[in-house]
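Scroll down for the structure; my scribbles are underneath it.
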Amino acid sequence: MPKKKSSPDWSYAAAPESTPVNISKRYDHFIGGKWTAPSNTKYFSTTNPATGKKLSEVAEGSEADVDAAVKAARAAYNGAWGKMSGRERGKYIYRIARLIQERAREFAIIETMDGGKPIRESRDVDIPLAANHFFYYAGWADKLDYAFPNQKVTSLGVAGQVIPWNFPFLMAAWKLAPALATGNTVVLKPAETTPLTALKLAELIADAGLPDGVVNIVTGAGETGAAIVNHPDVNKVAFTGSTAVGKLIQKSVAHTEKKLTLELGGKAANIILEDAAIDQAVEGIVNGIYFNQGHVCCAGSRLFVQENVFDEVMWKLKRRMDTLIVGDPLDKNTDVGAINSKGQLKTIQRYIKAGVKDGAEMYQPSCSLPEKGNWCPPTVFTNVAQSSIIAQEEIFGPVLAVQTFRTVPEVIEKANNTPYGLSAGVWTDKGARMFQITTNLQAGVVWGNTFNKFDPTSPFGGFKESGYGREGGLHGLGAYLNLEI
Ligand code: NAD
């Protein structure tokens, strides 16, 4: 007699994405339309976090490289691009959008190999959304006067843009599309662990025929980012990353005339009321914290459940966690991919230990993890004190801290009791309650009966230590313009 299994067998046959992609052994900077070797001749490796294998090596940007990139951007701004009509600029941006759509599968695979996120996420979310961003802002390029009626609209000049590793391609699109639509030129630096899709985008931009120097991509780590931020000929700094680095950047541009937008960390509250559709809410929790390994600034990392539905929510959540497939990010069945770097994995493990030490109760499904690479199983903590470090600090991993509440005023107070204010979610069947809570939450984005949904027409950004300024929509356009009455 076969042994009776206590839980269903959720295993599927592996279905790895196998389209071949072309990754060069080495990438230089993309400056003034040319691939340019680093002035210090230094390169660093970028590896696949799911296997630990080296994918390529990329140039390490020095101050001299950044200076060359800013000079190229300035020359393009003073030259062809600065003089071009919005209508013509729009055509180039549409072309970029269409080329991304044509090469979407290739970009999705490279994004997954370099960053560790499941192919389902990069294929169905990141890359299509990035193309949509270019389409959306292409449409505004010749309509800036209509976007801001009765105001004189002028571009800023050279934009220095520094982005993180969690949405490498999407963040590049969020930064580049509005900057180009408004007539600026750009020096962009991707994160050191995920530079490949930005470099592939440079290839695509060259294919789109953009004039040389309009978009320059310089790779490197923090020092390269600082060289961009501090360059005296940069007019606008757009940064997405940690609050700690955001604060440094804020200080360093404080005495200058540079315009600044900061998209920083978060500790989103996901609030489930007793009248919510619980099955949908559980799916929203999983989408909010586990599908992207929690590598999301707006991840629903704090869950607040109304006391009388707590048992039901937790039972359903744990059963759902048991079904999550952790493993090869290139497999189409995978739900939870690899942690982006060894350093980030250590940080997450440190927080998990701290949660246990603080007396919270931990649950992890008994999934098997691959032997090589960086992995963390989906993790949930209940019995979490409001003061616990796992309820207060951004973990940036698949770790959920659950608390309960009895009344609406109580949950509003608890949800707002954080230095961050990026996003939140509310699940309820009652419109009045939805409005009461959403209007009182201090968060830039609040989702109602859904979570982690993005749209290029909708502004995104934070309150408090989650930064300032908005990206997306008309607000995102205004951030790259001088507006005079
Ligand atoms: P990070 O701040 O360490 O790095 C972000 C980028 O800044 C990287 O490209 C890095 O090389 C560069 N950098 C590092 N030091 C710098 C310095 N002194 N000057 C200039 N640039 C510097 O953040 P990370 O670990 O790459 O990303 C994770 C963080 O990003 C999380 O806190 C997350 O919440 C945040 N994030 C926010 C949003 C948002 O829209 N609010 C979106 C994605 C990620």
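Atoms within a ligand are numbered from 1 in the order they appear, just like the ligands themselves. Only this structure's heavy atoms are used, side chains among them; waters, hydrogens and symmetry mates stay out.
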Practice item. Would you check whether F167 reaches within less than 4.0 Å of ligand 1, judged by its heavy atoms? Key: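 In this structure, F167 fails to qualify as a contact of ligand 1 - no heavy atom is under 4.0 Å.
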Review point. Would you say A221 contacts ligand 1, with heavy atoms under 4.0 Å as the rule?
Key: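 For ligand 1, residue contact (heavy atoms, under 4.0 Å) with A221 is present.
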Nearest protein heavy-atom contact for [atom]: which residue, which atom, what distance?
{"atom": "atom 25 (O) of ligand 1", "result": "W165 NE1, 3.0 Å"}
{"atom": "atom 14 (C) of ligand 1", "result": "G222 CA, 3.5 Å"}
{"atom": "atom 21 (N) of ligand 1", "result": "G225 CA, 3.5 Å"}
{"atom": "atom 34 (O) of ligand 1", "result": "E394 OE2, 2.5 Å"}
{"atom": "atom 33 (C) of ligand 1", "result": "F396 CE1, 3.2 Å"}
{"atom": "atom 38 (C) of ligand 1", "result": "C297 SG, 3.0 Å"}
{"atom": "atom 6 (C) of ligand 1", "result": "I163 O, 3.5 Å"}
{"atom": "atom 16 (C) of ligand 1", "result": "V245 CG1, 3.4 Å"}

**Study point:** Part of L264 with heavy atoms under 4.0 Å of ligand 1, whether side chain, backbone, both or neither
**Key:**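 Looking at L264 and ligand 1, just backbone atoms fall under 4.0 Å.
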For ligand 1, which atoms, with element, lie under 4.0 Å from some heavy atom of [X]?
{"X": "N166", "answer": "43 (C), 44 (C)"}
{"X": "L422", "answer": "41 (N)"}
{"X": "A191", "answer": "9 (O)"}
{"X": "V162", "answer": "6 (C), 7 (O), 9 (O), 12 (C), 21 (N)"}
{"X": "A226", "answer": "19 (N), 20 (C), 21 (N)"}
{"X": "S242", "answer": "1 (P), 2 (O), 3 (O), 23 (O), 29 (C), 30 (O), 32 (O)"}
{"X": "G265", "answer": "32 (O), 34 (O)"}
{"X": "E192", "answer": "8 (C), 10 (C), 11 (O)"}

Pairing donors with acceptors under 3.5 angstrom, does anything connect the side chains of [X] and [Y]?
{"X": "S458", "Y": "K453", "value": "no"}
{"X": "D114", "Y": "T197", "value": "no"}
{"X": "N340", "Y": "T193", "value": "yes"}
{"X": "W427", "Y": "N270", "value": "yes"}
{"X": "S155", "Y": "Y77", "value": "yes"}
{"X": "Q442", "Y": "K464", "value": "yes"}

Practice item. Flag W174 as yes when one of its N or O atoms lies below 3.5 Å from any N or O atom of ligand 1, and as no otherwise. Key: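 Such a contact does not occur with ligand 1.
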Between [X] (side chain only) and [Y] (backbone N and O only), is there a donor and an acceptor less than 3.5 Å apart?
{"X": "K267", "Y": "E393", "value": "yes"}
{"X": "H475", "Y": "G469", "value": "no"}
{"X": "W81", "Y": "N184", "value": "yes"}
{"X": "D358", "Y": "A385", "value": "no"}

Review point. Any salt bridge between R123 and E111, counting N to O under 4.0 Å?
Key: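 Result for this pair is no, no salt bridge flagged.
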Exercise for review: Answer yes or no for atom 41 (N) of ligand 1: protein heavy atom present at a distance under 4.0 Å?
Suggested key: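 When distances to the protein are checked, atom 41 (N) of ligand 1 has a heavy atom within 4.0 Å.
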Practice item. Going by heavy-atom distance to atom 5 (C) of ligand 1, choose the closest among L170, T240, V237, T194. Key: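 Among L170, T240, V237, T194, the closest heavy atom to atom 5 (C) of ligand 1 comes from T240.
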Point to revise | Closest to atom 35 (C) of ligand 1 (judged by heavy-atom distance), picking from G266, P164, G241, G444 | key: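 It is G241 that holds the nearest heavy atom.
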Practice item. Using the six-membered ring of Y480, assess whether NZ or CZ of K236 lies under 6.0 Å from its centre and within 45 degrees of the ring axis. Key: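 Yes, K236 sits over the ring of Y480.
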Point to revise | Axial cation check for F167 ring with K117, 6.0 Å and 45° limits | key: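 Satisfied, under 6.0 Å and within 45°.
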Practice item. May I have all residue pairs that pass salt bridge (Lys or Arg N to Asp or Glu O under 4.0 Å) and include part of residues 43-68, sequence neighbours excluded? Key: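 Sorted pair list: R26-E57, K54-E57, D67-K71.
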